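Read through the structure below, which is laid out as structure tokens, and then see the notes.
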Amino acid sequence: MLRTDINELLAQTGPRTPMGDLFRRYWQPVLLAEELPENDCPPVRVKVLSERLIAFRDSEGRYGLMDEFCAHRGVSLWFGRNEEGGLRCPYHGWKYDVTGQAVAVPSEPTTSNFCANVKLKSYPMVKRGDVLFAYLGDPAAQPPLPEWEAYTVPDGQVFTSKRLQECNWLQALEGGIDSSHVTFLHGGNLESDPLFKGSKGNEYNKGDLKPFFEVVDSEGGLLIGARRNAEEGKYYWRVTPWVLPNFTMVPPRGDHPVHGHFWVPIDDDNCWAYSFDYHPTRQLTEAEVAAMRAGKGVHSANDPSYRPLANKDNDYLMDRESQKRGENYSGIEGIALQDSSLQESMGPLVDRTKERLVATDAGIIKARQKLYKAVKALQDGVEPTGNRAKDQKVRSVAIVLPADQSFVEGIGEAMVAEPAKPHTSV
Amino acid sequence: MSDHDHDHATGPRSVPSGPSSCAEAATAKEAAYRIDYPLSAARNTRVVALDDEAERIIRSAALLEWGQARFFSITDPGEVLAEVDGSNVPLDEVMTDTNTVVMVASSGENATAVAAIGDLARERGIMTAGLVVTPGALTSDALFHLRPHARILLVPAEEDDLIELLRATRA
């Protein structure tokens, strides 16, 4: 259980909230690069951390992210004309550059300096791989640019999708930390999903349905190790990193690409799941990318607004017969929707005073505690971890180790991302 | 094809409608109608310290208010535990009326007692958890002694992890 006041503190990320202040110490994914595909393309509305913003790409290819509404009369700049180095409000022609600076107010005398004093609030936004990251915090505290391995590999080695999840970000994050649900909810997908099937690790998974867990504190967050029996005297370990505040990775299977997620708050009732697959040493194959686009693996098939085609309005296309046949444990197709359907069913913000956690939820308990401590520390002036390169250059790992070895010792440098270094997988 | 035949590739789909539909049921408004009643009794959690430092930690935690949690320390061979009030209780009795045992260790002492708890827990279907309270150390004898007998381990655990775990699980 979690007290209501702490539940709300962790869940609410709007401006001037404690958790909102913490989130504003990190670069966060705010768009897929495909949403601003070319110079002077249409602007896109962005809502993140309960702030309404407009994103655009100007004639020079510079990215802008700023207050959605014109400083003049509050018109949405989504209606704006993206032209000649700025975004122009169609109402009276006020024009802004990518920093939010007004560069034209046509109604003023041509010699007026009025527009020099008009500036919309704006935030830095950068392209990393196929994602646009933004920083919404105090410029004086801006951390280094994101160094997640998925977004530092060469072009063609990463694929990112996004999907709307209609619940608070913390419910979604906790699904990424909760390794114990995988055996049940996703058990049917290991040998059918093209992005999972065929690995030796799957055999260990199926051979031991009651894993043991070790939750290891790390500087950037947690390492959650799930341990299953392997050959005599050996354990098969799947190690999931969580990095503050909202990044998780899934341990790899065979030579399949490695996947992970950012759970980005839109507001207190909705979040985006940014889900990626990358391979550290090779290009993704056409078949892999086709499967990802089709919603396999950790991805989902979405409508043009990135809302899953299977959603709460159609009961997630629940298939009770498939459930009976054992094809899908929950009757929902696809890992992403299997998770989100259940997390959305809790309501926008679950009442955690009513939950009955068990000892195997220790990873979730510890993550909440670390988030709470990070919030309180920031209020005391202590900067959080998770936004430094050394925290972000982390890998998930699947490995077989001798039974008498600490998994942290056993995996050693395998958890550290380095260019072109093969990932450790089974 | 009759109305009752279904294509197995797609299967029959439920038809979302009314209050049973996910769209309506998953709203904040509907969440407010989740029925309210006292939850079942607290877990019968037993917290066991395996060395002096661990005993200091559990004694501190024992001062707080708990449902049915009880706090003990144990030494090899582990047949009898000392409750924080000073009374001695046989291991068999401690493990008779519990459904969760949380073991706390900072060193590798009393490995035989750990095994005794673990064996009995396995036999009786009792959930086991372990906290390895070794600040800054990711590997230790305590870890290896607890590992075979704890379904979940926190490594390295901080002192307040015990309290958080007990609170979160309604001990």
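Just so it is clear, the model here is predicted, and its values are computed rather than measured. Sequence lines set the chain letters: A, B, ... in the order given, protein chains first and strands last, and positions in each chain run from 1.
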_Heavy-atom neighbours of B:Asp52 CG exceed 12 at 6.0 Å_ = no
_Presence of salt bridge, A:Glu214 and B:Arg147, under 4.0 angstrom_ = yes
*Would you say B:Glu158 and A:Lys366 make side-chain contact, with heavy atoms under 4.5 Å?*
yes
*Using a cut-off of under 4.5 Å on heavy-atom pairs, state which of B:Ala150, B:Ala157, B:Ala25, B:Ala129 scores highest against chain A.*
B:Ala150
*OG1-CZ distance between B:Thr128 and A:Phe212, expressed to the nearest 0.5 angstrom*: 6.5 Å
*Tell me, side chain or backbone of A:Thr353 under 4.5 Å from chain B's heavy atoms, or both, or neither?*
backbone
*Pairwise side-chain contact, B:Thr27 with A:Pro348, heavy-atom cut-off 4.5 Å (strictly under)*: no
*Under 4.5 Å, counting heavy-atom pairs only, tell me which of A:Glu344, A:Glu166, A:Lys210 racks up the most with chain B.*
A:Lys210
_Spatial distance of atom CG (B:Asp36) from atom CG (A:Asp351) [nearest 0.5 Å]_ = 8.5 Å
*A:Glu409: side chain to side chain contact (heavy atoms under 4.5 Å, CB included) partners, not counting sequence neighbours*: A:Ser406, B:Thr139
*Check B:Leu165 against A:Ala362 and note the closest heavy-atom contact, atom names and distance.*
CD1-CB, 4.3 Å
*Would you mind checking which part of A:Tyr235 comes under 4.5 Å of any heavy atom in chain B, side chain (CB onward), backbone (N, CA, C, O), both or neither?*
side chain
*Would you call A:Lys373 and B:Glu164 a salt bridge, taking side-chain N to carboxylate O under 4.0 Å as the test?*
no
*What option among A:Ala403, A:Ala359, A:Ala226 has the most heavy-atom pairs under 4.5 Å with chain B?*
A:Ala359
*Side chain / backbone / both / neither for A:Val408 at chain B, heavy atoms under 4.5 Å*: side chain
_Just verifying a value: how many Å separate A:Ile365 CD1 and B:Thr169 OG1, rounded to the nearest 0.5 Å?_
6.0 Å
*Between A:Val215 and B:Ile152, what is the shortest heavy-atom contact and its length?*
CG2-CD1, 4.1 Å
*Engaged part of A:Asp404 at the chain B interface, taking heavy atoms whose separation is under 4.5 Å*: backbone
*Picking from B:Ala23, B:Ser140, B:Pro148, B:Ala28, which has the most non-hydrogen pairs under 4.5 angstrom with chain A?*
B:Ala23
*asked:* Are more than 12 heavy atoms, taken from residues, nucleotides or ligands other than A:Lys296, located less than 6.0 Å from that residue's NZ atom?
replied: no
*Any side-chain heavy atom of B:Arg167 sitting closer than 4.5 Å to one from A:Arg3?*
no
_Which portion of B:Leu154 sits near chain A, non-hydrogen atoms under 4.5 angstrom_ = both
*Can we say B:Arg170 and A:Glu355 salt-bridge, meaning some charged N sits less than 4.0 Å from an Asp/Glu carboxylate O?*
no
*For residues A:Lys312 and B:Cys22, report the shortest heavy-atom separation together with the two atoms involved.*
O-CB, 3.6 Å
_Neighbour count above 12 (heavy atom, 6.0 Å) for A:Lys354 NZ_ = yes
